[in-house]
> 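Would you mind keeping the following structure in view while I ask a few things?
Indexing begins at 1, ligand by ligand and atom by atom, following the structure's order.
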Amino acid sequence: MIRIDAKDGSYLQLLEYGAAIQKLVIPDRDGRHLDVVLGYDTVSDYQQYDGYFGAVIGRCANRIRNASFILGGKQIQLIANEGKNSLHGGMHSFDAKIWSVSRSDQSVCFQLCSPDGEAGYPGNLEFSVRYTFNNSHQLIIEYEAVSDQDTLLNPTNHAYFNLSGHQYNRLDGHLVEVLAETVLENDEETLPTGKQIPVSSTVYDFRTPAALAAGLVQPHSNMLACKGYDHNYCLNGSGFRRIGSAASEISGISMQIFSSMPGLQLYTGNNITPRRGKDGIEYHQYSGVCFETQYFPDAIHHPQFLQPILTAGKRFYSRTEYHFSPL
Ligand code: BGC
């Protein structure tokens with residue numbers, strides 16, 4: 001367990017297991033400190049439960065259809081872990097590894113080496129993720145990698161936020177903003193059909209801050225199979241930029257989101273089964289919400305999407321930031 005403290009008693013607590021965010025403690029509008037992410041007290045709980053709580057996801061976030069793809073003319077077969085498909089790196093994925101750690105003042109760097117062929121992915125991959133948490137309550141996540149063969153890479157972090165405090169364990173009172181004109185349509189297996197749904201006049205429209213729970217109460221027809229929001233937003237713009245925000249009207253904690261990635265998976269914890277989390281709190285469906293910055297899911301099968309291909313010898317770098325402040 002590693003902790004980065006800010007001057008006012010706020011802190012970020014991380015685990016070598018999964019390079020996961022275990023706690024993120026931020027002041028509410030009255031200066032009381034609240035832990036705004038879901039998590040568990042022990043590593044064995046992280047091993048026992050599904051859901052990738054707070055973990056780094058790799059090599060590829062989200063689903064790859066049939067756990068296979070063609071890269072450089074070669075057919076690559078991954079180890080499927082969700083029916084025929086690969087989810088969040090498949091077997092031997094980054095969330096279940098013990099990472100090497102080095103730390104400096106306000107930062108912690110986790111590293112691992114993923115060998116050629118691991119989970120089916122080509123190339124020896126040197127991978128690191130650096131978390132920085134500063135006195136302005138900014139959480140900065142930087143991913144860096146290099147591979148000795150062309151490969152696929154699409155890392156993200158799977159923190160479930162509850163800005164009312166994790167013990168509140170419901171999403172009412174959350175306002176969400178996502179700067180995107182379209183969202184990808186899902187098929188029955190939560191894989192993109194390739195079609196983009198314009199958000200205008202739908203419950204996907206978060207171009208200005210809107211209540212997240214409204215869409216859970218009156219879901220769009222494309223939300224029925226996946227039981228809530230589990231959709232990739234096609235974010236406006238490119239390069240490192242502000243991509244949205246979230247806030248709790250209950251705690252008065254607000255979070256601005258910035259990223260260099262083209263997509264954002266908005267996932268409302270639809271598949272969280274009842275379980276005991278930190279401090280004995282009972283988590284369940286819709287206890288938290290993930291803002292997973294990423295290349296679009298299954299992009300390798302959709303040539304019109306930006307491709308998550310890492311060329312041999314080229315440095316991969318991406319950055320996502322969550323900035324906390326009072327509403
Ligand atoms: C996916 C969900 C999946 C969940 C696993 C999310 O990133 O989009 O479909 O059930 O991860 O916890």
> May I ask which of Asn232, Asn62, Asp230 has a heavy atom nearer to atom 2 (C) of ligand 1 than the others do?
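It is Asp230 that holds the nearest heavy atom.
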> Is there at least one pair of N or O atoms, one from Arg63 and one from ligand 1, spaced under 3.5 Å apart?
yes
> Relative to the heavy atoms of Asn271, which atoms of ligand 1 are at a distance of less than 4.0 Å?
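The list of qualifying atoms is 3 (C), 10 (O).
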> For atom 6 (C) of ligand 1, tell me which residue out of Gln265, Lys227, His158, Glu82 has the closest non-hydrogen atom.
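When every heavy atom of Gln265, Lys227, His158, Glu82 is considered, His158 comes closest to atom 6 (C) of ligand 1.
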> Looking at Tyr317, does the NZ or CZ of Arg319 lie under 6.0 angstrom from its six-membered ring centre and within 45 degrees of the ring axis?
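Ring-cation test returns no.
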> Using distance alone, determine whether Thr190 and ligand 1 share an N or O pair under 3.5 Å.
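No, there is no polar N/O contact under 3.5 Å.
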> Looking at Gly51, which atoms of ligand 1 are within less than 4.0 Å of one of its heavy atoms?
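Every atom of ligand 1 under 4.0 Å from some heavy atom of Gly51: 12 (O).
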> Output yes when a side-chain donor or acceptor of His174 lies under 3.5 Å from a complementary backbone atom of Leu163, and no otherwise.
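Indeed, once roles are kept as given, a pair shorter than 3.5 Å links the two residues.
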> Should Tyr160 be listed as contacting ligand 1, given a heavy-atom distance under 4.0 Å as the test?
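Distance cut 4.0 Å: Tyr160 passes for ligand 1.
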> I need the nearest protein heavy-atom contact for atom 7 (O) of ligand 1: residue, atom name and distance, please.
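Result for atom 7 (O) of ligand 1: Glu292 OE1, 2.7 Å.
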> Applying a 4.0 Å heavy-atom criterion (strictly less than), which segment of Phe53 is in contact with ligand 1: side chain, backbone, both, or neither?
neither
> Is it the case that one hydrophobic cluster holds both Tyr168 and Phe53, taking links as side-chain heavy atoms less than 4.5 Å apart, direct or via other members?
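Hydrophobic grouping puts Tyr168 apart from Phe53.
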> Can you tell me how far CD of Glu282 sits from CG of Asn169, rounded to the nearest 0.5 angstrom?
8.0 Å
> Show the atoms of ligand 1 that are less than 4.0 angstrom away from any heavy atom in Tyr52.
5 (C), 12 (O)
> Are Arg275 and Tyr40 close enough that a side-chain donor and a side-chain acceptor fall under 3.5 Å?
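Yes - a donor-acceptor pair under 3.5 Å links their side chains.
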> A cation-pi test, strictly: NZ or CZ of Arg3 under 6.0 Å from the centre of the six-membered ring of Tyr11 and no more than 45 degrees from its axis. Yes or no?
yes
> Does Ser136 use its side chain to pair, donor to acceptor, with the backbone of Gln138 at less than 3.5 Å?
no
